[in-house]
Q: 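Take this structure, written in structure tokens, and hold onto it; I'll ask about it next.
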Number of protein chains: 2
Amino acid sequence: MTQEDPSLKERKVISIGTVRDLTGLSERQIRYYEERKLIFPARSGSGIRKYSFSDVERLMEIANQMEEGVQTHEIRREWKKKEKENENWKKQMLKGQIQAHFKQNRN
Amino acid sequence: MTQEDPSLKERKVISIGTVRDLTGLSERQIRYYEERKLIFPARSGSGIRKYSFSDVERLMEIANQMEEGVQTHEIRREWKKKEKENENWKKQMLKGQIQAHFKQNRN
DNA sequence: CGTGTAAGGAATTCTGACACG
DNA sequence: CGTGTAAGGAATTCTGACACG
């Protein structure tokens, strides 16, 4: 109904204590993963970290990787890789769209 | 992906300061509307109020009503009324489903 | 490297109350 | 009735550091 929904999952509104409860991680761990550039909370005016549901999901993925013994460094590397692949995929899709468009016009 | 999504909007994870920022209402107002049974935050173990995105939406509707000069009492009354109507509507739908089912079986 | 913890301070939240109207 | 505010206390969060390994 109210149209501001699209990004509910991305809104940074959850503070670290709640994230702790949601993920089962310690605050120390959550802050550390930020230090290692795995997670990027927003900050309230007074400097308090605010997380989104997306961030919470991400933290749970990180927790899984860590359990498997993967180092934060590796997690970050893999993440960036997938990010790049995703971008390329989007580019290809766009290309396809454009070609399809011209094809249609020629018929 | 992670299957716990359905209720993202209902998860009580936002504390009152953030709700204040999101709605523009004062904390006093937010607590008062709770006192008047218009909103029902959860409580953390230590007694801190936690709101959902749904609650935030609701608060914005309340704010609109209040601006129009409607009393909390009236808002509550109207709300309960709509709730009841909604329940009846669901019952009717269910009835329809059942009838359709039997009809199909007879053919 | 990843995480626990004690330390000190700042910001948040809570309740009950007085105020105005 | 609806809301502001000062009051005192409890819970939360923050950072930088020491510890272990």
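As the structure is a computational prediction, the values presented were derived from the model and not from experiment. Chain A is the first sequence line, chain B the second, and so forth, proteins listed ahead of strands; every chain is numbered from 1.
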Q: Check for a donor-acceptor pair, side chain of N86(B) on one end and backbone N or O of E83(B) on the other, with a separation under 3.5 Å.
A: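 Pair absent, no side-chain N/O of N86(B) close to backbone of E83(B).
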
Q: Once you round it to whole Å, what is the distance between P of dT3(D) and CD of Q29(B)?
A: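 Value for this atom pair: 4 Å.
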
Q: For dG4(D), does OP1 or OP2 lie under 4.0 Å from any side-chain N or O of S26(B)?
A: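 Yes.
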
Q: Find out whether K50(B) and V13(B) are in side-chain contact, i.e. whether some heavy atom of one side chain is under 4.5 Å from a heavy atom of the other.
A: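 K50(B) does not reach V13(B) side chain to side chain.
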
Q: Nearest-Å distance, CD1 (I30(A)) to C1' (dG4(C))?
A: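 Distance check: I30(A) CD1 to dG4(C) C1' gives 14 Å.
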
Q: Select from E35(A) and S44(A) the residue whose nearest nucleotide in DNA chain C is closer to the 5' end of that strand.
A: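 Taking each residue's closest nucleotide, the earlier one in sequence belongs to E35(A).
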
Q: For E67(A) and dG2(C), what is the distance between atoms CD and P respectively, to the nearest whole Å?
A: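 Spelled out: CD on E67(A) to P on dG2(C) is 15 Å.
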
Q: Checking the side chain of D21(A) only, and the main-chain atoms of T18(A) only, is there a donor and an acceptor separated by less than 3.5 Å?
A: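 Flag not set: sc D21(A) to bb T18(A) has no pair under 3.5 Å.
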
Q: Nearest whole Å is fine: how far is dG4(C) P from R20(A) CZ?
A: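 The distance from CZ of R20(A) to P of dG4(C) comes to 12 Å, rounded to the nearest Å.
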
Q: When you measure from the side-chain N and O atoms of T72(B) to the phosphate of dG2(D), is any distance below 4.0 Å, counting only OP1 and OP2?
A: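 For dG2(D), OP1/OP2 do have a side-chain N/O of T72(B) under 4.0 Å.
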
Q: Considering only side-chain heavy atoms of R36(A), which listed nucleotide, dG2(C), dG4(D), dT13(C), is closest?
A: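 Ranking dG2(C), dG4(D), dT13(C) by closest atom to the R36(A) side chain puts dG2(C) first.
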
Q: Provide, to the nearest angstrom, the distance between the CD atom belonging to E34(A) and the P atom belonging to dG16(D).
A: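 About 12 Å, once rounded to whole Å.
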
Q: Hey, which of these two, R31(A) or V70(B), hits DNA chain D nearer its 5' end, going by closest nucleotide?
A: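 Whichever sits nearer the 5' end wins; that is V70(B).
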
Q: If we call it a pair only when both distances are under 3.5 Å in a Watson-Crick or G-U wobble match, what pairs with dC18(C)?
A: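 Answer to the pairing question: dG4(D), which forms a Watson-Crick or G-U pair with dC18(C).
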
Q: Which base sits across from dT12(C) as a Watson-Crick or G-U pair, both distances under 3.5 Å?
A: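 dA10(D) - that is the nucleotide pairing with dT12(C), both distances being under 3.5 Å.
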
Q: Ignoring hydrogens and geometry beyond distance, is a side-chain donor-acceptor pair present between S54(A) and E10(A) at under 3.5 Å?
A: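 The answer is yes; a qualifying pair exists.
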
Q: Does dC14(D) have OP1 or OP2 under 4.0 Å away from a side-chain N or O of S46(A)?
A: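 S46(A) to dC14(D) OP1/OP2: no side-chain N or O under 4.0 Å.
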
Q: Are R43(A) and dT15(D) close enough that a side-chain N or O sits under 4.0 Å from OP1 or OP2?
A: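 Indeed, a polar side-chain atom of R43(A) lies that close.
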
Q: Do any N or O atoms from the side chain of E74(A) and from the backbone of Q71(A) form a donor-acceptor pair under 3.5 angstrom?
A: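 Absent.
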
Q: Given that I48(B) and E27(B) both sit by DNA chain D, which one's nearest nucleotide is further toward the 5' end?
A: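 That would be E27(B).
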
Q: Between P41(B) and Y51(B), what is the shortest heavy-atom contact and its length?
A: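 Result for this residue pair: CB-CE2, 3.4 Å.
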
Q: Using a cut-off of strictly less than 4.0 Å, decide whether Y33(B) has a side-chain nitrogen or oxygen near OP1 or OP2 of dG2(D).
A: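 Negative; the distance criterion is not met.
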
Q: Is the distance from OP1 or OP2 of dC14(D) to the nearest side-chain N or O of R28(A) less than 4.0 Å?
A: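 So the side-chain polar atoms of R28(A) never come under 4.0 Å of the phosphate oxygens OP1 or OP2 of dC14(D).
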
Q: What is the distance, to the nearest angstrom, from the NZ atom on K12(A) to the C1' atom on dT13(D)?
A: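 One finds 17 Å between C1' of dT13(D) and NZ of K12(A), rounded.
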
Q: Please confirm whether the shortest side-chain N or O distance from Y32(B) to OP1 or OP2 of dG2(D) is below 4.0 Å.
A: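 So the side-chain polar atoms of Y32(B) do come within 4.0 Å of the phosphate oxygens OP1 or OP2 of dG2(D), strictly under.
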
Q: Phosphate oxygens OP1/OP2 of dT13(D): is one of them under 4.0 Å from a side-chain N or O of R49(A)?
A: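 No, because none of the side-chain N or O atoms of R49(A) sits under 4.0 Å from OP1 or OP2 of dT13(D).
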
Q: Write down the distance between CD1 (I75(A)) and P (dG2(C)), rounded to a whole number of angstrom.
A: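 I75(A) atom CD1 is separated from dG2(C) atom P by 8 Å.
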
Q: Can you measure L59(B) atom CG to dT3(D) atom P for me and round it to whole angstrom units?
A: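 About 12 Å, once rounded to whole Å.
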
